[in-house]
Amino acid sequence: QVQLVESGGGLVQAGGSLRLSCAASGRTFSINVMAWFRQAPGKEREFVAGIQWSGSRTDFANSVKGRSTIYRDNAKNTVYLQMNSLKPEDTAVYSCAAASSFYRIYTSFSSYEYWGQGTQVTVSS
């Protein structure tokens, strides 16, 4: 089993920045891909960004591409999502996910086995 704990959410003004963290514990050696998803009220959960645990590939949703970075610290078993130029439409619960059964960065939430509890990000206009 893998446990994921997110942190770093909060309230920020439009144009500001946030860094979300996802700390993994347990069978971290089994992780191949980690990703961030978000869900706004009344909307479906959507892919935000993903990163290979051992490789260099990353992927981003078009909605955050160019203003977000995802990176990892393997020594700390932690993945970070740096989001800049935040917009009110970025407001959502952000959840971290991990997968051990594949190496490709899938954008479908149903592909991921492990999930954190989520952290709220609110961007005020």
Side-chain angles (χ1 to χ4, degrees):
Q1 292 291 329
V2 173
Q3 294 79 42
L4 304 174
V5 178
E6 303 98 333
S7 60
L11 175 64
V12 63
Q13 288 189 331
S17 299
L18 276 178
R19 189 183 74 164
L20 305 181
S21 301
C22 175
S25 61
R27 297 172 61 88
T28 58
F29 60 86
S30 68
I31 297 174
N32 292 326
V33 175
M34 292 190 71
W36 287 94
F37 288 79
R38 68 184 182 186
Q39 187 167 21
K43 295 187 176 181
E44 293 187 353
R45 194 179 321 182
E46 63 175 358
F47 173 82
V48 178
I51 185 168
Q52 290 182 325
W53 192 246
S54 300
S56 59
R57 288 188 182 273
T58 60
D59 193 15
F60 296 89
N62 289 334
S63 57
V64 302
K65 192 173 296 183
R67 58 189 183 94
S68 297
T69 305
I70 185 170
Y71 59 100
R72 67 182 189 275
D73 184 335
N74 292 77
K76 295 182 178 180
N77 291 324
T78 299
V79 168
Y80 303 93
L81 178 66
Q82 176 71 42
M83 300 184 67
N84 303 318
S85 302
L86 284 162
K87 307 174 183 179
E89 50 264 43
D90 292 319
T91 296
V93 174
Y94 285 71
S95 297
C96 177
S100 62
S101 57
F102 52 81
Y103 293 90
R104 177 182 172 182
I105 302 171
Y106 284 98
T107 60
S108 170
F109 69 86
S110 61
S111 300
Y112 292 81
E113 306 150 64
Y114 306 105
W115 290 86
Q117 81 288 350
T119 185
Q120 177 70 45
V121 172
T122 302
V123 184
S124 62
S125 57

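For the single chain, residues carry numbers from 1 onward in sequence order. The structure presented is a predicted model; accordingly, all values stated were derived computationally and were not measured. Because only heavy atoms are used, hydrogens play no part in the values below, and waters and symmetry mates are left out as well, while side chains stay in.
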Worksheet entry | Exam field: side chain E6 to backbone Q117, donor-acceptor pair closer than 3.5 Å | yes

In this structure, OG of S95 is separated from CZ of R38 (nearest 0.5 Å) by 12.0 Å

OG1 (T58) and CD (Q52) are apart, to the nearest 0.5 Å, by 9.0 Å

Joining Ile, Leu, Val, Met, Phe, Trp and Tyr whenever any side-chain heavy atoms lie under 4.5 Å apart, the cluster holding L20 also takes in V2, L4, V12, L18, I31, M34, W36, V48, I51, W53, F60, V64, I70, V79, L81, M83, L86, Y94, Y114, V121, V123

Modelled atom types, side-chain donor and acceptor of S100 and E113, under 3.5 Å: yes

Under a side-chain separation threshold of 4.5 Å, the hydrophobic residues clustered together with W115 are V33, F37, F47, F102, I105, Y106, F109, Y112

Flag, side chain of Q82 to backbone of T69, donor-acceptor distance under 3.5 Å: no

Taking every heavy atom of S85 against every heavy atom of S17, the minimum-distance pair comes out as N-OG, 4.3 Å

* To do: Assess whether atom NZ of K65 is packed by more than 12 heavy atoms of other residues, nucleotides or ligands within 6.0 Å.
  => yes

One should read off an interatomic distance between S125 OG and K87 NZ, to the nearest 0.5 angstrom, of 14.0 Å

d(S111 OG, R104 CZ) to nearest 0.5 Å is 9.0 Å

